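Owing to the predicted nature of the structure, the values given are computational and were not obtained by experimental measurement.
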Amino acid sequence: MRKVADCRESPSESGCTLTISGEEDEVVRAAAEHAASVHGHTDTPELRNEIRGMLKDEHLSVR
């Protein structure tokens, strides 16, 4: 199942609205890189575990 990380669900001074979706490991990697480059976090195993815990399942509409 694809996963989603949505910046709108985390407090942010910048009001970031980025949403990342894909396979779990891809989303965790991309979200950690985004958190470091845009939000000033340090990309650590702890950050990646926190991100992994916040992921939601992606619900796709039938096309």
Side-chain angles (χ1 to χ4, degrees):
M1 166 137 326
R2 290 170 55 93
K3 298 291 185 177
V4 176
D6 189 340
C7 269
R8 295 173 297 180
E9 295 185 8
S10 297
S12 169
E13 291 179 11
S14 66
C16 185
T17 63
L18 181 70
T19 300
I20 302 168
S21 66
E23 296 298 321
E24 184 170 330
D25 288 342
E26 295 172 321
V27 173
V28 170
R29 182 177 62 248
E33 291 170 1
H34 171 74
S37 66
V38 174
H39 298 290
H41 294 283
T42 301
D43 185 353
T44 63
E46 292 79 16
L47 176 66
R48 289 182 181 228
N49 285 336
E50 185 177 333
I51 291 168
R52 193 174 303 276
M54 295 170 54
L55 297 180
K56 307 272 193 232
D57 291 341
E58 182 179 63
H59 300 285
L60 297 174
S61 59
V62 177
R63 296 175 191 219

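Residues satisfying the side chain to side chain donor-acceptor pair (under 3.5 Å) criterion with Asn49, sequence neighbours excluded, are absent altogether. Checked against side chain to side chain donor-acceptor pair (under 3.5 Å), His41 has no partners two or more places apart in sequence or in another chain. In this structure Ser10 satisfies the side-chain contact (heavy atoms from CB on, under 4.5 Å) test together with Met54, sequence neighbours excluded. Taking Glu9 as the reference, Lys56 meet the salt bridge (Lys or Arg N to Asp or Glu O under 4.0 Å) condition, with sequence neighbours excluded. With sequence neighbours excluded, the residues satisfying salt bridge (Lys or Arg N to Asp or Glu O under 4.0 Å) with Glu24 are Arg52. By the side chain to side chain donor-acceptor pair (under 3.5 Å) test, Arg2 is found to be paired with Ser21, Glu58, residues two or more places apart in sequence or in another chain being considered. Glu26 is linked by a side chain to side chain donor-acceptor pair (under 3.5 Å) to nothing, counting only residues two or more places apart in sequence or in another chain.
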Report all side-chain donor-acceptor pairs from residues 29-40 shorter than 3.5 Å, counting only partners two or more places apart or in another chain.
{"unit_1": "His34", "atom_1": "NE2", "unit_2": "His39", "atom_2": "NE2", "d": "3.2"}
{"unit_1": "Ser37", "atom_1": "OG", "unit_2": "Glu33", "atom_2": "O", "d": "3.0"}

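In the hydrophobic clustering (ILVMFWY side chains linked at under 4.5 Å, chained through shared members), Leu47 is joined by Leu18, Ile20, Val27, Val28, Ile51, Leu55.
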